[in-house]
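Note sheet for the following structure.
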Number of protein chains: 2
Amino acid sequence: MGLREVKRERTRRLIADKAFELFNDNGFGRTTVEQIAAAAEVGPSTLYRYFPTKETLVLEFVEDCLVDAVTWLREQPELELPAGLQAVIERVLEQLESNPDRVRAVFDLASQTASVSAHLNELIWRFRTDLADELVLRLPANNRAEFTAALAAGIAMNIIETVVRVWVEAPDTTDARSLARQAMTLLHTGGIPLPAVSDNSRYDY
Amino acid sequence: MGLREVKRERTRRLIADKAFELFNDNGFGRTTVEQIAAAAEVGPSTLYRYFPTKETLVLEFVEDCLVDAVTWLREQPELELPAGLQAVIERVLEQLESNPDRVRAVFDLASQTASVSAHLNELIWRFRTDLADELVLRLPANNRAEFTAALAAGIAMNIIETVVRVWVEAPDTTDARSLARQAMTLLHTGGIPLPAVSDNSRYDY
DNA sequence: CAGTCATATGGTAGTCACTGCCAGAATCTA
DNA sequence: TAGATTCTGGCAGTGACTACCATATGACTG
């Protein structure tokens, strides 16, 4: 790895860390990109080369966790669907658990600032579609495969999100992965009251 | 109703409609708020009094559908949970189906513009939390109620979103509500391959 | 080591979303 | 009609973000 990449990685980290400090100290809205750039001792234009928007400075860590998990799944094409889903869930949570303070700070900022919340939701949605794309390959090819994959990915993401929002409130006394297992059990045993419909439509999309 | 409210409603509609035209003709990014204000023959500051951000101009209709459904559910406290959930899903879809072009345009704009997509996801998330707040009242009060409600609301929202994304591609040949029933059936009959876990953790959050 | 090439950087100028403020117009009330 | 309330448009300003260019810096070649 050349010196160039080393430096690049270093400044990237530096910018993100300084940004995080300023956000936590002064709040997201009361921190300007100029301040962040000055704190990291780079020009504003350099900052924008690394991070396209102010919000990505907040969400980088979470994004990395999600991207990593779906990339990992992509490299395990032999993994069957239910096991793969569980593995992805556990993998994401494992990574998030490696830095509870950061995750908590991210969710705090999201709850205070609408644009951060919006970008977080956008991130989650992107992950969900990526996951669905990967799941559909593991389903028998029929006209419902995409539909089923989208639903399955949504449920997985739903579990992750719900679990994280609970866990992040008390990261020391709870354990995200066992919470996730509880959620899966609830789902599997009918512990979640969902409507049961007689599917009398013959429509086949 | 006084003349004031009539006028207010009229200008609100006017602004939203003109905005929609311009967005569809020129794209979201290539339309400025000044252009919208000029087209609606109001000052920019007036526009901002009606719509806090440019994105809300796009999402107003979808937001109304979602707000309406959750408001309706709030007024039916006697409705049991599974039936209530199904009713909410059908109600949202029914409203969306009343204006397929608008819904399609919203999703088109969202797929082209990141900030619109982000705000749409934010909107969906807000609806999901509102729905969860409403569902938790219909669950036996125990330490899992909130968790269960969040999961159920997430699944309902997941069904709505997935169904709409399929339906919106061919609103003439498909029917959102029967798609939703198919999704519920899939879920209920185990048609969606989800991980089954033996919950051996004794943690009780 | 010198030369040159590719890339990274910082600065400048500009656009545009959005905010706060104020004077005047329109509507409502008595 | 007089006065109180609310709506409106314009103006000035902030700050995120873009396009562009000159310069500097690490990377490669003879």
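Per chain, numbering begins at 1; letters A, B, ... match sequence-line order. Bear in mind the structure is a predicted one, so any value in this text is a computation, not a measurement.
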With sequence neighbours excluded, what pairs up with B/Arg165 under the salt bridge (Lys or Arg N to Asp or Glu O under 4.0 Å) test?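 Once residues adjacent in sequence are excluded, the partners of B/Arg165 under the salt bridge (Lys or Arg N to Asp or Glu O under 4.0 Å) criterion are B/Glu161.
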
Please list, chain by chain and in numerical order, all residues satisfying side-chain contact (heavy atoms from CB on, under 4.5 Å) with B/Thr31, sequence neighbours excluded.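 In terms of side-chain contact (heavy atoms from CB on, under 4.5 Å), with neighbours along the sequence ignored, B/Thr31 is linked to B/Leu22, B/Phe23, B/Asn26, B/Gln35, B/Ile36.
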
Should we say atom CD of A/Gln112 is surrounded by more than 12 heavy atoms from elsewhere, each under 6.0 Å from it?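 Count over threshold, so yes.
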
Whether over 12 other heavy atoms sit under 6.0 Å from A/Glu34 CD: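 For A/Glu34, atom CD is not crowded (no more than 12 foreign heavy atoms under 6.0 Å).
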
Does any donor atom in the side chain of A/Asn158 or A/Thr162 lie under 3.5 Å from an acceptor atom in the other side chain?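 Note: A/Asn158 and A/Thr162 side chains meet the donor-acceptor criterion.
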
Please work out which residues in residues 16-47 of chain B have a non-hydrogen atom less than 4.0 Å from an atom of DNA chain D and list them by number.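 Heavy-atom contacts with DNA chain D come from B/Glu41, B/Val42, B/Gly43, B/Ser45, B/Thr46.
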
Residues touching DNA chain C, which here means a heavy atom under 4.0 Å, drawn from residues 48-57 of chain A: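 Hits under 4.0 Å, by residue number: A/Arg49, A/Tyr50.
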
Mind calculating the distance between [atom1] ([X]) and [atom2] ([N]) to the nearest angstrom?
X: B/Arg4; N: D/dA4; atom1: CZ; atom2: P; value: 15 Å
X: A/Leu3; N: D/dG26; atom1: CG; atom2: P; value: 6 Å
X: B/Arg12; N: D/dT8; atom1: CZ; atom2: P; value: 12 Å

May I ask you to establish whether A/Arg13 and A/Tyr50 are in a cation-pi arrangement, using a distance under 6.0 Å from NZ or CZ to the six-membered ring centre and at most 45° from the ring axis?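 The answer is no; the distance or angle limit is not met.
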
Just wondering, do [Y] and [X] contact through their side chains at under 4.5 Å, heavy atoms?
X: A/Arg12; Y: A/Phe51; result: yes
X: B/Cys65; Y: B/Asn99; result: no
X: B/Met157; Y: B/Ile124; result: yes
X: B/Leu179; Y: B/Ile159; result: no

Take the C1' atoms of the five end pairs on each side of the helix from C/dC1-D/dG30 to C/dA30-D/dT1, derive the two axes, and give their angle rounded to 10 degrees.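 About 20°, once rounded to a multiple of 10°.
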
Separation of A/Asn121 CG from A/Arg128 CZ (nearest 0.5 Å):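 These two atoms lie 9.5 Å from each other.
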
Over all heavy atoms of both residues, which pair between B/Pro193 and A/Leu81 is shortest? Give the atoms and the distance, please.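 Nearest heavy atoms, B/Pro193 then A/Leu81: O-CD2, 3.2 Å.
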
Under 4.0 Å from any heavy atom of chain A: name the first and the last nucleotide of DNA chain C that qualifies, 5' to 3'.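 The protein-touched segment is C/dA6 to C/dG11.
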
Main chain of B/Arg181, side chain of B/Thr185: is a donor-acceptor contact present, judged purely on distance under 3.5 Å?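 Yes.
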
